[in-house]
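Please read the structure below before turning to the comments.
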2 protein chains.
Amino acid sequence: MDPLTEAKKKLMPEMTDLLKKRYQILQTIQMEEPIGRRTLSELAGMTERDIRKETDLLRSQQLIEAKTAGMAISPQGLEVLEALKEFMREMSGLSNMEKQLKVILGISQVLILPQDSDDIPAVKTKIGKEAARLLEMKFPLHKKIAVTGGSTMAAISKEISSEKRDRSLQFIAARGGLGEDVLHQANTIASLFAEKTGGAVKTLYLPDHLSAEAYEMMMREPVIKEMMELYDETDVVVHGIGNAEEIALHRKSSPEEVEMIRSGGAVSEAFGYYFDNEGNVVYRIRTAGIQMEQVQKARAILAVAGGRSKAKAILSYFNIAPRQTVLITDEGAARKIIELTTKQEEF
Amino acid sequence: MDPLTEAKKKLMPEMTDLLKKRYQILQTIQMEEPIGRRTLSELAGMTERDIRKETDLLRSQQLIEAKTAGMAISPQGLEVLEALKEFMREMSGLSNMEKQLKVILGISQVLILPQDSDDIPAVKTKIGKEAARLLEMKFPLHKKIAVTGGSTMAAISKEISSEKRDRSLQFIAARGGLGEDVLHQANTIASLFAEKTGGAVKTLYLPDHLSAEAYEMMMREPVIKEMMELYDETDVVVHGIGNAEEIALHRKSSPEEVEMIRSGGAVSEAFGYYFDNEGNVVYRIRTAGIQMEQVQKARAILAVAGGRSKAKAILSYFNIAPRQTVLITDEGAARKIIELTTKQEEF
DNA sequence: ATTGAGCGGGACGAAAATTGTCCAGCTTGA
DNA sequence: TCAAGCTGGACAATTTTCGTCCCGCTCAAT
């Protein structure tokens, strides 16, 4: 750390906590505006009185405005938030946690965003924004991009800038299957990416859970073969990481599938593969989709998943994640991952 | 100001004052150690309780140590002080005051050190140290240095480093006269400089206040003539600025001299010249010494004077100070000068 | 050897700030 | 039209801060 900052910390030990507290409040207000004291105190885990004291201060500094519907951030507040972004990343240990996660997960880049998307839904938007920015950086060099489905992926598609259009981009749905709500299907997401960027899209609608024979037969179809060849040429893969448990509960999976997941000890899901705690593939949805080996060959891989509830799934998947994978996650997931792994070490 | 610092200030408005307060306390402890709460509270202008609260904090941070003789700064405390030096200069407005003084005094460089040497004698040492550093920077290029007397000049001589010796340096007493205590005479000071640096010294012992005839006669003496020629070749002049009033009181001046000073409205003194509020020469000690015109020709001039009591004298002298003069002073003098000049503007 | 000024730390009642907790009156979205 | 959620005001209870005094100690000057 900066020797100047270090010296200030020595002279003003209260500073650190106070700054963190106020920054977090301001941040939460930004994400949840308009928001009231009571809701805010729950989200921030502080007493209402404390929140009130601090918001009074923030208001007197004109960083927030109090309307009848609740408190909202002011333009100046946004500036302050932006100016302190990097500093707070150091201060609150996010940078440090990124380093730890790199080691734990065996990859070379990790990006952690503040707060927990399990508590504050808007954190997902922030994750989406950062993932979108990282992805956009790949566009000039890498044109063939495979994307999966899920709410996290949907968040990214919303944040992709439609400023710089590039007709040479090609987005490929990483799974032919339907599986989820239309809005969160890989096909839909790929189309959204294409629309935003002005690029092309390659989709494929094919039922999940085919019988073995039907699957074999379909694989021989030209249109499917073409898709599989496209996967071979994929430059970038962008995918979410699913929580096997959640998926088994929420989605209308076949009872057979659920049983396979349960008995196999599946913890995480990505591109239609299910992994157990050690990263072994315990099940795979039978549909056209990118193969693990094809993912391995990709130049860049963005894995996006946030919220402490995803910690176990992330740990599971990263047992076999390619080294070139970049993880974009949030503080909640990161803390939980570190907690889980260091606890194991203690015993 | 740094946008990061600006943002922190917005989020933590208390920070500024608190930092200033603690820094000042730590600074004062450093200069006056060992020092007790009561003495400290007087120097810092705070209540004893306040001082106690803050010193308790500083001690818990191990920046100071409490011995039976009083509190003293710790090595870590020194580090903190050093690390924050430049930052605090900005924060407490010293940098800003330097800019103001440049305009007010019509010179291109001003250096202001914290606190007031009228309150804390050790500030004089700091001034001496900085002046010494500035002077040392001139040594490689400028070899002939004229120095005056006075306690401020003595402080500089104490702080001149004896590390890098330079036999080509030549120190010249700017005044032949005695005038003051032996220890503070120009001759003595010049000798001290020479001793520290390994350079040569040119001194001249000649009574002050000669009669007009005696003075004329002396001026024709070869040894004096030689001295006057040396003044012509002077590269650097280092001088203090005296308070005419104080000089008239303290020194055993001739009643005639005191009367001249009083009736002429003398405010400041430098190199044996007395100046009034407008910078007119109202009196001059009759002794061999550097001439105003010779000072004007010098490449570099360091004027050194601190303490709010010197403010009027500084203002008076800088009416006629050459543009190449650099002023080294302290916060006390600087504030007073600004106060005096802005008050005049208001009416 | 003695003394006294100056020191840190303990103590404590008075005063001030903080805290938890209400409520009134408002807007807004259903 | 109503209910939910919001701000800002209020206030007693509690905690913290503040001013002040004292004690025992050290150390330098006498």
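Treat the numbers as computed from the prediction; the structure is a model and nothing was measured. Here is how names work: the chains are called A, B, and so on, in the same order as the sequence lines, proteins then strands, and each is numbered from 1.
Rounded to a whole Å, the CD atom of B/E33 is 16 Å from the C1' atom of C/dG6. Atom CD1 in B/I64 sits about 13 Å away from atom C1' in C/dC7, given to the nearest Å. Counting to the nearest Å, the C1' atom of C/dG6 and the CD atom of B/E32 are 14 Å from each other. Between the CG atom of B/D50 and the C1' atom of C/dA15 there is a distance of 16 Å, given to the nearest Å. Here C/dT18 presents its C1' atom at 15 Å from CD of B/E14, a figure rounded to the nearest Å. Between A/D56 atom CG and C/dT19 atom C1' there is a gap of 13 Å when expressed in whole angstrom units. To the nearest angstrom, P of D/dG5 lies 11 Å from CD of A/E42. If you take NZ of B/K67 and P of C/dG9, they are 13 Å apart, rounded to a whole angstrom.
Residues B/E159 and B/K126 are not in side-chain contact: their nearest non-hydrogen atoms beyond the backbone lie 4.5 Å or more apart.
Of the residues A/T329, A/T152, A/D330, the one that meets the side chain to side chain donor-acceptor pair (under 3.5 Å) test with A/S117 is A/D330.
Under 4.0 angstrom from either OP1 or OP2 of D/dG5 there lies no side-chain N or O belonging to A/T39. Residue B/T47 has no polar side-chain atom (N or O) positioned under 4.0 Å from OP1 or OP2 of D/dC18.
When the nearest nucleotides of DNA chain C are assigned to A/E48 and B/R37 by heavy-atom distance, the more 5′-ward of the two goes with B/R37. Both A/R52 and A/A69 lie close to DNA chain D; mapped to their nearest nucleotides by heavy-atom distance, the more 5′-ward contact belongs to A/A69.
The side-chain hydrogen bond (donor to acceptor under 3.5 Å, both in side chains) test applied to A/N243 returns no partner, not counting sequence neighbours.
Side-chain atoms of A/R49 lie closest to D/dA10 of the nucleotides D/dT26, D/dA10, C/dC7. Looking at the side chain of A/K53, the nearest of the listed nucleotides D/dC6, C/dG9, C/dT19 is C/dT19. Listed nucleotides D/dT7, C/dA11, C/dG9 differ in distance to A/M71; the shortest reach to its side chain belongs to D/dT7. Out of D/dG8, D/dT7, C/dG8, the shortest distance to the side chain of A/R59 is found at D/dG8.
At a cut-off of 3.5 Å, with distance as the only test, a side-chain donor of B/S95 or B/E90 sits close to an acceptor on the other residue.
No side-chain donor-acceptor contact under 3.5 Å links A/R335 to the backbone of A/M97.
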